[in-house]
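One structure below.
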2 protein chains.
Amino acid sequence: MLSYTEENYLKAIYHLSGAGERPVLTNELAETMQTKPASVTDMVKKLSAKNLIAYEKYYGVNLLKQGKLQALQIIRKHRLWETFLVNKLGFTWDEVHEVAEQLEHIQSGLLIEKLDKFLEYPTVDPHGHPIPDPSGKIKEVKQIPLADFPAYKKCTIRAVKNGSPSFLQYLSKIGIYIEASVSIVDKVEFDGSLEVSIDNKKRVFISREAAQNLMVTG
Amino acid sequence: MLSYTEENYLKAIYHLSGAGERPVLTNELAETMQTKPASVTDMVKKLSAKNLIAYEKYYGVNLLKQGKLQALQIIRKHRLWETFLVNKLGFTWDEVHEVAEQLEHIQSGLLIEKLDKFLEYPTVDPHGHPIPDPSGKIKEVKQIPLADFPAYKKCTIRAVKNGSPSFLQYLSKIGIYIEASVSIVDKVEFDGSLEVSIDNKKRVFISREAAQNLMVTG
DNA sequence: ATTATTTTTTAGGTTAATCTAAACTTTTAT
DNA sequence: ATAAAAGTTTAGATTAACCTAAAAAATAAT
C-alpha cells in the first residue's frame with residue numbers, strides 16, 4: 001500500500017514525463033511537489049526500491065509498469081471524483097481540483113466501481129480529460145490547440161490543457177465550455193489573439209495564450 | 001487544521017465519553033485507537049495544548065467546547081458519507097464504515113454543504129444514527145433497546161447500537177431493517193432470546209444480545 | 001579544455017506519531 | 001494499612017517526510 005505522498009509523486013511523475021515518455025528530472029519534480037530537490041531524491045529512492053520507477057542518479061526517473069499503472073489508477077479516481085462533483089453535486093469546473101486531490105486517495109475498489117456506475121461510466125472529466133478505464137487504459141482522441149486550427153472552419157471544444165481555476169472562470173465568463181461549437185472568425189496580427197464565434201451566437205476575443213490551452217477537434 | 005490522527009482521537013474521545021459526559025481514560029482510548037497507552041498520553045497532551053480537551057494526569061480527558069464541536073463535525077461528515085454510499089451508490093449498510101472512515105477526513109466545507117443538499121438533508125444515517133447539523137447540534141430521539149420493550153406491543157426499529165458488519169449482515173439476512181415494524185411475540189426463559197414478528201409477516205428468533213443492540217421507539 | 005554555473009546528491013537534523021522499557025500513581029485486595 | 005496489581009506517564013528510540021548546508025557531478029561558457 002502506498003502512502004498519500006508516494007501516490008502524489010507517482011502522479012506527478014506520470015504527468016511530467018508525458019505519460020511515461022521521457023525521464024523526469026529531480027528539479028522539476030521538486031517544483032511540482034512544492035518541495036526541495038533533496039527531498040525528491042529521498043522519495044525517488046524509496047519508489048525505486050519498490051520497483052515503481054527506475055531511478056538513475058543525475059539522470060532522472062522513469063515510470064515502470066507498476067508505477068504507471070498506479071499513477072493511472074489515481075488519475076482515474078481523480079477524474080471520476082471531479083465528474084461526480086460537477087455532474088452530481090453542482091460544483092463548477094473551477095472548484096473541483098483541490099477536493100479531488102483529496103478524494104483521489106480514498107482506498108476502496110468497491111467505491112470507485114460503484115461511483116463509476118453511478119456516473120454512468122463517463123469517458124472524460126469536466127475539463128475534457130480522458131478517464132482511464134479500470135485497467136488503466138486511456139481512450140486517446142486526437143485534439144489540437146484552437147490556436148492551430150484553420151480559420152472559418154467549425155470545431156468543437158474538447159478539453160482545456162492548463163485548467164487553472166482563473167482560466168476556467170474566465171472561460172465560463174466569456175461563454176466557452178466543453179462541447180461548444182466554435183470557429184475562428186478573425187486573427188489579430190499584432191498579438192496573435194483570435195476572434196471566435198461560439199455556437200454561431202456570440203463572438204469573443206481570446207488571447208493566443210488562451211487559444212493554445214483550448215483543445216479542439218474538427 | 002487538525003491532522004487525520006488528531007481528528008480520529010477527538011472522535012474516539014467523543015464516543016467513549018458518551019458525547020462528552022464522562023472523562024475518558026488513557027487505556028480505553030489506547031484500545032479503540034489500536035495503539036499503546038504511552039502514545040495516547042503524548043497525543044492527549046497535544047490536543048490539550050490546542051485547547052480541544054482538558055487533560056489531567058492519571059485522571060483522563062474531557063472534551064472542551066472546541067474539541068466537541070470538531071468531533072461533531074467529523075461525525076457529521078462520516079454519517080453524511082455513509083448515507084451517500086448507501087442511498088446513492090448502492091452500498092449495503094455493512095459495507096460503508098471503513099470507507100466513511102476515510103471520507104470523513106476530506107477537508108471542504110463546500111463539499112459537505114453540497115453533499116448534504118444532494119442527499120436532501122438527511123437526519124439519520126443508514127444505521128439510524130443522527131446526523132449532526134452544520135453547527136453540531138443533534139436531534140436526539142428517545143430510543144430503548146428492543147430487549148427492554150414490552151411484549152406484544154408494536155414498535156419501530158430506529159437504530160443499531162453496535163453496528164459491526166457481521167451483526168448488520170445477520171440483521172439483513174433475517175429481515176430486520178431500519179423502520180421495520182416489529183413486536184415481541186415470545187420470550188425464551190432459558191437464554192433471554194426473543195421471538196419477534198416483523199411487519200406482521202414473518203417471525204424470527206433473536207438473541208438477547210442482539211435485542212440489546214436494536215434500538216426502537218414505541 | 002578549463003572554469004563557472006547549474007543540478008543533483010549526500011550528510012546530518014527536525015517533526016509527528018508511533019514504539020518499548022522503566023518509573024511512577026492509583027486502585028484493589030488482603 | 002500495607003502490599004500487590006493495575007493503570008499511567010516519562011524517557012529514549014524509530015520511521016516517514018521533510019529540511020539546510022556542503023559535496024559532487026553534469027552542463028554551459030569562455
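The chains referred to below are lettered A, B, ... by the order of the sequence lines, with proteins before strands, and numbering in each begins at 1.
- Residues Tyr59(B) and Tyr9(A) both approach DNA chain D. Their nearest nucleotides, taken by heavy-atom distance, put Tyr59(B) toward the 5′ side.
- One finds no side-chain N or O of Lys57(B) lying less than 4.0 angstrom from the OP1 or OP2 phosphate oxygen of dT26(C).
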* Asked: Should His97(A) and His127(A) be marked as a ring-ring contact (aromatic ring centres under 6.0 Å, His included) after you check the CA-CA gap, both sets of side-chain angles, and the distance that decides it?
  -> CA-CA 10 Å; His97(A) 187 74; His127(A) 307 113; 7.6 Å; no
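- Between Ala30(B) and Pro37(B), the closest heavy-atom pair is CB-N, 3.7 Å.
- Annotation: proximity of residues 26-38 of chain B to DNA chain C (heavy atom, distance under 4.0 Å) is found for Thr35(B), Lys36(B), Ala38(B), numbered in ascending order.
- Between Tyr4(A) atom OH and dA16(D) atom P the separation is 19 Å, expressed in whole Å.
- For Lys114(B), the NZ atom sits in a packed shell: over 12 heavy atoms of surrounding residues, nucleotides or ligands are nearer than 6.0 Å.
- One interatomic measurement links the two molecules: CE of Met43(A) to P of dT8(C), which rounds to 18 Å at whole-angstrom precision.
- Comparing dT8(D), dC18(D), dT10(C) by their closest approach to the side chain of Leu25(B) singles out dT8(D).
- For Lys88(B), the NZ atom sits in a packed shell: over 12 heavy atoms of surrounding residues, nucleotides or ligands are nearer than 6.0 Å.
- In this model, the phosphate group of dC19(C) is approached by a side-chain N or O of Ser39(B) to a distance below 4.0 Å at OP1 or OP2.
- Counting only N and O atoms by type, the side chains of Glu95(A) and Thr92(A) include a donor and acceptor under 3.5 Å apart.
- Taking atom NZ on Lys45(A) and atom P on dA11(C), their separation rounds to 8 Å, with Å as the unit.
- Scanning both residues, Gln107(A) and Gln102(B), for their nearest heavy atoms gives N-OE1, 2.6 Å.
- In this entry the distance linking CD of Glu56(A) with P of dA25(D) reads 15 Å, nearest Å.
- Defined by atom type and a distance below 3.5 Å, a donor-acceptor pair is missing between the side-chain atoms of Arg208(A) and Ser193(A).
- What separates OH of Tyr58(A) from C1' of dT9(C) is a distance of 4 Å, to the nearest Å.
- Between Asn8(B) atom CG and dT18(C) atom C1' there is a gap of 15 Å when expressed in whole angstrom units.
- As a whole-Å value, the separation of Met1(B) CE from dA16(C) C1' is 17 Å.
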